[in-house]
2 protein chains.
Amino acid sequence: MKRDSKLSGILHVVLHMASLDTPVTSEKLAAMMGTNPVVVRRIMAGLRERGLVHSEKGHGGGWTIARDLEDFTMADVYAAVGAPEIFALGHRSEQPLCLVEQAVNAALDDAFAEAEALLMSRFAGVTLGALAADFRQRLKTRHQSVEEQHHDL
Amino acid sequence: MKRDSKLSGILHVVLHMASLDTPVTSEKLAAMMGTNPVVVRRIMAGLRERGLVHSEKGHGGGWTIARDLEDFTMADVYAAVGAPEIFALGHRSEQPLCLVEQAVNAALDDAFAEAEALLMSRFAGVTLGALAADFRQRLKTRHQSVEEQHHDL
DNA sequence: AAATCATGTAACATATGAAGTTACATGAAA
DNA sequence: TTTCATGTAACTTCATATGTTACATGATTT
């Protein structure tokens, strides 16, 4: 299965946008994601519909964050990218007549439903602000380790 | 993404096998699954390696269950089909240099790891025997509802 | 008002991987 | 020795996420 990386990719560029105070073009975001500007616009369109980001045409145009980073979560972004299928495992037939297959599907579906609920609650528990904070922490840690290296010399 | 249905499909046919006391050919299992015998052999090969099933060549040959249904779980079958990727969501780059992307990936990975652990524990909690029992329950319920329909006439 | 820059989006192309298929080898039973 | 069944490599098909091209729309600059 080819894995859907829209969520991962767009979270990445949205956080970059958040740290800039001027609109960012699809072209620049695409460069950050290592992809094509049209792909960026396609995905960002979903976030715009949800009111998470704003777009402006023409000179000086581009994308901006439309909401406080504390006020939306990974779950919102997941929904905004179209709530893609979470699991790479599926059923052979969705509504089987065979009772054996029904029993199997029911057992699998129960397990998947629980796992999905947990995943979603975790997504809902992480604000973009928290991700940004984690990034700043990593930045700090890296600087410290660089300083430590200098000390060692 | 095309979803991997090996687990669902093979659980289905294994339960059918379990209710028969003679070896079942790949061709018959394939008919149950609505697929090709080679596909069945390919998947069953993994179960055989794990000692879950046994195969016999030649006349009267075919596949048999090699272990008591109470003694293996959906988790064993999942492992036997090669432990395919569970999630259809992934990262754009696995080991990004960008610290923002690292923060995003870490948050996603945490959530996925928890969901996967839950899924696996649920799989491990369902024996094939439990599935077979659920099937018998469904059979009973269906017969009852058929009788009820007759009553209604 | 004309040129430029940016998004909006449809249509098409590419790439990946699960599943399906063909072909033939191996081995067991009739 | 014929028949039946698995074992497996190689190839084809199909779905679909992603990438690309092309062109329309609208905003800003000159």
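Quick caveat, the model's predicted, so the values are computed rather than measured. In what follows, chains carry the letters A, B, and so on, assigned in the order in which the sequence lines appear, proteins first and then strands, with residues in each chain numbered from 1.
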In a table with atom names and distances, give each donor-acceptor pair under 3.5 Å that connects a side chain of residues 65-77 of chain A to protein atoms at least two apart or in another chain.
residue, atom, partner, partner atom, Å
A:Arg67, NH1, A:Asp71, O, 3.4
A:Arg67, NH2, A:Arg50, O, 3.4
A:Asp68, OD1, A:Glu70, N, 2.7
A:Glu70, OE1, A:Thr127, OG1, 3.4
A:Thr73, OG1, A:Ala75, N, 3.1
A:Thr73, OG1, A:Asp76, N, 3.4
A:Thr73, OG1, A:Asp76, OD2, 3.3
A:Asp76, OD2, A:Thr73, N, 2.8

Under the side chain to side chain contact (heavy atoms under 4.5 Å, CB included) test, which residues partner B:Glu114, sequence neighbours left out?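 Per chain and number, B:Glu114 pairs via side chain to side chain contact (heavy atoms under 4.5 Å, CB included) with A:Leu118, A:Arg122.
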For B:Leu20, enumerate each residue passing the side chain to side chain contact (heavy atoms under 4.5 Å, CB included) test, keeping only those at least two apart in sequence or located in another chain. B:Val24
To the nearest Å, how far apart are [X] [atom1] and [N] [atom2]?
{"X": "B:Asp4", "N": "C:dG20", "atom1": "CG", "atom2": "P", "value": "11 Å"}
{"X": "B:Glu85", "N": "D:dT16", "atom1": "CD", "atom2": "C1'", "value": "17 Å"}
{"X": "A:Trp63", "N": "D:dA27", "atom1": "CH2", "atom2": "C1'", "value": "15 Å"}

N/O donor to acceptor pairs below 3.5 angstrom from side-chain atoms of residues 9-16 of chain B, sequence neighbours left out:
residue, atom, partner, partner atom, Å
B:His12, ND1, A:Glu101, OE1, 3.4
B:His12, NE2, B:His16, NE2, 3.0

Could you check which residues of residues 49-60 of chain A get a heavy atom under 4.0 Å from DNA chain D? Sort them by number, please. A:Lys57, A:Gly58, A:His59
Contact residues, residues 27-47 of chain B to DNA chain C [heavy atom, < 4.0 Å]: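 Close to the strand are B:Thr35, B:Asn36, B:Val38, B:Val39, B:Arg42.
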Residues touching DNA chain C, which here means a heavy atom under 4.0 Å, drawn from residues 5-21 of chain B: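 Listed by number, they are B:Ser5, B:Lys6.
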Would you tell me if any nitrogen or oxygen in the side chain of [X] comes within less than 4.0 Å of OP1 or OP2 on [N]?
{"X": "A:Arg92", "N": "C:dG20", "answer": "yes"}
{"X": "A:Ser26", "N": "C:dT7", "answer": "yes"}
{"X": "B:Arg3", "N": "D:dT16", "answer": "no"}

Taking the side chain as C-beta and beyond, is there a heavy-atom pair between A:Ser8 and B:Asn105 under 4.5 Å? yes
Just so I know, are the side chains of A:Leu139 and A:Phe135 near enough to count as touching, which here means a heavy-atom distance under 4.5 Å? yes
Would you list the pairs meeting salt bridge (charged side-chain N to carboxylate O under 4.0 Å, His left out) in which at least one residue belongs to residues 80-94 of chain B, sequence neighbours left out?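 Sorted result for residues 80-94 of chain B: A:Arg3-B:Glu85.
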Under the side-chain hydrogen bond (donor to acceptor under 3.5 Å, both in side chains) test, residues paired with [X] that sit two or more places apart:
{"X": "B:His59", "value": "none"}
{"X": "A:Ser55", "value": "A:Arg48"}
{"X": "B:Asp109", "value": "B:His91"}

Could you list the donor-acceptor pairs under 3.5 angstrom formed by side chains in residues 27-43 of chain B, with sequence neighbours left out?
residue, atom, partner, partner atom, Å
B:Asn36, OD1, B:Val38, N, 2.9
B:Arg41, NE, B:Ser26, OG, 3.3

